[in-house]
Structures are given as C-alpha cells and as structure tokens.
Amino acid sequence: ALVQTFGAGQPCILRVAVDLLGGKGGFGALLRKQMGLGKKTTNFDAMRDLSGRRLRHSKAVDRIKTWMEEKKRQDELVDLLTGEGPELPKPTPESESLDPDFVARMKRAEALQPALVNEGMRRLEGEGGGAASSGAASSSSVNGAGGGAGGSSSGGAGSVGGGAG
C-alpha cells in the first residue's frame, strides 16, 4: 500500500520508531555533578609550561626582568638629576699624539709629490734621449693615473728626492 501511495503521488505520513541500545547516559551527568562539587584551582604556579618549566619560575624570571628595567630607568634618572652623565672618552696623552708641525710637513710633502715626479720625468726625458723617453713615458702611464693633474704647482721644487727635508 505504501508503494502504491508513493506511485500515485499522494502525500503519505510515516512514523518510524527505533529502539537504541545503551543506558540512560550517566557520564555527562557525572561530569555535571563534579562541576559543582570539585575545588576551583586558582593557583596555577605548580603547573608546567610547554617547555617543561614550572610556571612559578617563569613568572619569577619575568618579574626580575621588569624589576631590572625599572631599576635601570631609575638609575639613569638619578644620574641625570645629580649631574653625572655618561663617561666621556679621555683625551689622548701628549706622548701618543703627533706633533702638529710634523703633520703639516707631511701634508706639504704629499701635495708636492706629483710635481716632483713630473719634474723627474722631464729631466729623465732630457738626459736619456729617444729610447729612454719611450720607456719613461710607458712607466709614467703605469705608475701615475693622474700624477700630473694632482698638484702641478710645484712652486719651484729644485731637487727630485728632497720633499720633506
């Protein structure tokens, strides 16, 4: 009769009753009962974190870090108020510093060096003739990348070897 009713397209009411095996529960009820009776844990310090340390130790480390930062800030404030600042570098002793006259002579000699090289090359070209001049020209191009442009105002430097005398 059910198949005929479905085949005709008429509405049909079905009631299904199935018995399920098992008890009346109890475990959920047991948990609900314990929720009211159990102690509430408020002290988690004895528990461990994911790395295995006790939480009380982790918290102590954090408290020490914050205390040290605060102490550092307070010490800086005290130093600022008392006029003590950071330690300034000590001046170099007289025995370790260079003589200013010596430094000036070295700078002058350095400025005269390109002009002295050019003067020496001109003298070499004048004395040696054709063969020496080609060798001197090639050596000057190898040695000096801009030797003549550095400071050609020699101011009449007389000798080739006497710079800082």
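Position 1 is the first residue of the sequence, and the numbers go up from there. Model, not experiment: these values are computed from the prediction.
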Novice: Assess whether a salt bridge exists between Lys65 and Glu69, defined as any Lys/Arg side-chain N lying under 4.0 Å from an Asp/Glu carboxylate O.
Specialist: no

Novice: Say you draw a straight line from NZ of Lys71 to CD1 of Ile64; how long is it, rounded to the nearest 0.5 Å?
Specialist: 14.5 Å

Novice: Using 4.0 Å as the upper bound for N to carboxylate O, is an ion pair formed by Arg73 and Glu76?
Specialist: no

Novice: Quick one: NE2 on His57 to CG on Asp49, what's the gap to the nearest 0.5 Å?
Specialist: 10.5 Å

Novice: Could you state the interatomic distance from CZ (Arg48) to CZ (Arg53), rounded to the nearest 0.5 Å?
Specialist: 11.5 Å

Novice: If you measure from CD on Glu70 to CG on Asp75, what distance do you get to the nearest 0.5 Å?
Specialist: 10.0 Å

Novice: If you compare all heavy atoms of Asn43 against all heavy atoms of Asp45, which two are closest, and at what distance to 0.1 Å?
Specialist: OD1-N, 3.2 Å

Novice: Might you work through the salt bridge (charged side-chain N to carboxylate O under 4.0 Å, His left out) test for Arg122 and Glu119, ending with a clear yes or no?
Specialist: CA-CA 5 Å; Arg122 273 190 238 117; Glu119 180 69 26; 3.1 Å; yes

